[in-house]
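Taking it in order: structure first as structure tokens, then the write-up.
All values below were derived from every heavy atom in this structure, side-chain atoms included, with hydrogens, water molecules and symmetry-related copies excluded.
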Amino acid sequence: MKSSERGDVTIEAVVGVLALFLIFGLGLVGLRVLVADAAIDDAARSAARAASIARDGQAAAVTADRRARAVLAEQRLACSSLDVAVDARDFAKSLGETGYVVATVTCVVPLVDLAPGIGGSKTLRSQFRSPIDRYGARS
């Protein structure tokens with residue numbers, strides 16, 4: 001093998017290794033986004049369930065917000081903007097009627113938190129619906 005051919009092989013190897021690192025890094029960022037998305041799903045599910053056992057719509061909204069924030073804190077997911085919207089109008093239904101609470105959690109996640117060196121942000125949103133106890137106390 002000539003010395004110029006060895007140099008070409010070395011350059012090809014370096015380029016190949018850099019490409020593998022780039023692919024690995026992108027895969028890691030994708031995985032982190034999936035984990036963050038799962039945390040948002042968990043927060044919405046937990047918020048809706050907590051809200052569904054509240055006594056009225058106002059208490060449901062407060063309970064859902066607290067629960068969603070607690071779940072995201074447990075998951076160590078920092079949102080630059082967090083909104084927990086609760087549709088609790090079914091609390092106005094009469095006892096015995098089926099009603100639902102819908103919790104929607106929207107979190108703007110800075111990508112630098114997911115992968116250092118990357119700018120921007122990603123908005124993650126999840127919605128979950130939970131039944132209200134048909135015969136539970138309602139105000």
Inset, instruction - Heavy atoms only: give me the nearest Ala44-Val105 pair and the separation to one decimal. - result: CA-CG2, 3.6 Å

Inset, instruction - Indicate the atoms forming the closest heavy-atom contact of Cys107 with Val109, along with that distance. - result: SG-CG2, 3.5 Å

Legend entry - Val102 side chain near Phe128 side chain, heavy-atom distance below 4.5 Å: no

Legend entry - Separation of Tyr100 OH from Lys93 NZ (nearest 0.5 Å): 8.0 Å

Inset, instruction - Answer yes or no: does atom CD of Glu74 have more than 12 heavy-atom neighbours from other residues, nucleotides or ligands under 6.0 Å? - result: yes

Inset, instruction - Among Asp37, Thr104, Thr106, Asp41, find the residue that satisfies the side-chain contact (heavy atoms from CB on, under 4.5 Å) test when tested with Ser126. - result: Asp41

Legend entry - Under 3.5 Å donor-acceptor, Thr63 side chain and Ala60 backbone: no

Legend entry - Ile40 vs Leu77 side-chain heavy atoms within contact, under 4.5 Å: yes

Legend entry - Partner residues of Gln75 under the side-chain contact (heavy atoms from CB on, under 4.5 Å) criterion, sequence neighbours left out: Ala39, Asp42, Val71

Legend entry - side-chain contact (heavy atoms from CB on, under 4.5 Å) assessment of Leu82 paired with Leu72: CA-CA 10 Å; Leu82 176 63; Leu72 293 176; 3.7 Å; yes

Legend entry - Heavy-atom check, side chain of Val101 versus side chain of Ile132, under 4.5 Å: yes

Legend entry - Option from Cys79, Ser80, Ser81 for which side-chain contact (heavy atoms from CB on, under 4.5 Å) with Pro110 holds: Ser80

Legend entry - Donor-acceptor pair between Ser46 and Arg67 side chains, under 3.5 angstrom: yes

Inset, instruction - Provide the closest heavy-atom pair for Ala48 versus Ala103 in the form atom of the first, atom of the second, distance. - result: N-CB, 3.7 Å

Legend entry - Heavy-atom pair of closest approach, residues Gly99 and Asp90: CA-OD2, 3.4 Å

Inset, instruction - Kindly compute the distance separating CG (Leu124) from CG (Leu34), expressed to the nearest 0.5 Å. - result: 10.0 Å

